[in-house]
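Okay, so here's the structure we're looking at.
All values derive from a computational prediction rather than experimental measurement. Counting convention: from 1, in listed order, for ligands and their atoms alike. In this chain, numbering begins with 1 at the start of the sequence shown. Quick note: numbers below take in every heavy atom, side chains included, and nothing from hydrogens, waters or symmetry partners.
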Amino acid sequence: MQNLKNKVVLITGASSGFGEDAALLFAKEGCKVVLAARRVDRLQALAEKIQNGGGEAIAIPVDITNPADAVDMVKSALDIYGQIDILFNNAGIGRVDWFENHSLDRDIAMLVQVNLTALMQVTRTVLPHMLKRREGHIINMSSVAGLIASPLITSYAASKHGARAFTDALRREVTPLGIKVSGIYPGPAATEFGQHIGKNKTFGSVRKTFNTRMTSAYVARRVLDVAKRPRRSLIIPWWFRVVTGFDTLFPFAVDWILFAFSKKNHKLD
Ligand code: NDP
């Protein structure tokens, strides 16, 4: 088990949800936490909360879709702490609707940029420093949508499948050089995420029927577990492992179920 005391952890998307809760837990373990996101007021409040509790944290306002911002963020973290031990690539946005309603700018280009391109760009900026030390852990936030492709979340599933492929390819590339790479695949959880994904009647009723959302604090605790005991992937809750296994073994059966779902709910008029 890894001792996290004094480790430097860079968290993207630290202004709410999993990132915020994970930051509090990493700080409790004695980590120096670098908080990154766009909402600077939220980051500063979190940094103060951590500092008032005796921990160490800095807030760096950043839009990760801007490569220059991402480079500055990594530079600031390195200038202040000298190293980055754990990179938690967590920032993400979503969109729920039938694909013909997805806008090109926000729901396709921006979504892929935040969830995939920026994640790769931030990693590309941090990785050389980890490689130099032959040490480090990259934890990438994907989703069960990165394992099972479902209707209503086409763009999101594409971006999160991309994040999974990148995570697996990178792990196979850098593990022999001392860098650990893990993928996190949560099912639905109660965070602000739901407020930004748009409204869709069908999705709303699915959510009501299967109201099994995890808490953000639970997901954050499991992220901390992964930091302490690095592994290739974490799928939560556990029963999604059964669902994803079923999709891998019997994709035609899952197709059939989801065809029926779309036929019933996807009204064109
Ligand atoms: P939140 O909406 O609470 O958090 C998203 C975070 O991403 C915020 O801190 C936001 O900060 C940050 N972010 C978004 N865009 C940018 C940007 N351009 N630059 C920098 N930061 C950005 O949602 P969650 O905590 O739920 O989501 C965290 C991750 O978990 C995401 O990757 C999401 O896809 C994934 N996930 C979520 C699930 C859920 O059901 N909640 C399930 C599975 C995975 P700010 O707006 O201040 O920039």
Please list every donor-acceptor pair under 3.5 Å in which a side-chain atom of residues 71-78 meets a protein atom from a residue at least two apart or in another chain.
from	atom 1	to	atom 2	distance (Å)
K75	NZ	D79	OD2	2.9
S76	OG	D72	O	2.9

For the residue pair F250 and F252, does the interplanar ring angle fall in the parallel (under 30°), tilted (30 to 60°) or perpendicular (over 60°) class?
-> perpendicular
W98 and H266 aromatic ring geometry - parallel, tilted or perpendicular at 30°/60° bounds = parallel
Heavy-atom cut-off of under 4.0 Å around ligand 1: list whichever protein residues fall inside it, by chain and number.
-> G13, A14, S15, S16, G17, F18, A37, R38, R39, V62, D63, I64, T65, N90, A91, G92, I93, V114, M141, S142, S143, Y156, K160, P186, G187, P188, A189, T191, E192, F193, H196
Got a list of side-chain donor-acceptor pairs under 3.5 Å for residues 46-59, not counting sequence neighbours?
from	atom 1	to	atom 2	distance (Å)
Q51	NE2	A57	O	2.7
N52	ND2	E48	O	3.3

Does a donor on one side chain and an acceptor on the other come within less than 3.5 Å for R39 and S16?
-> yes
Quick one: salt bridge (Lys or Arg N to Asp or Glu O under 4.0 Å) pairs with a partner in residues 2-25, sequence neighbours left out?
-> K7-E135
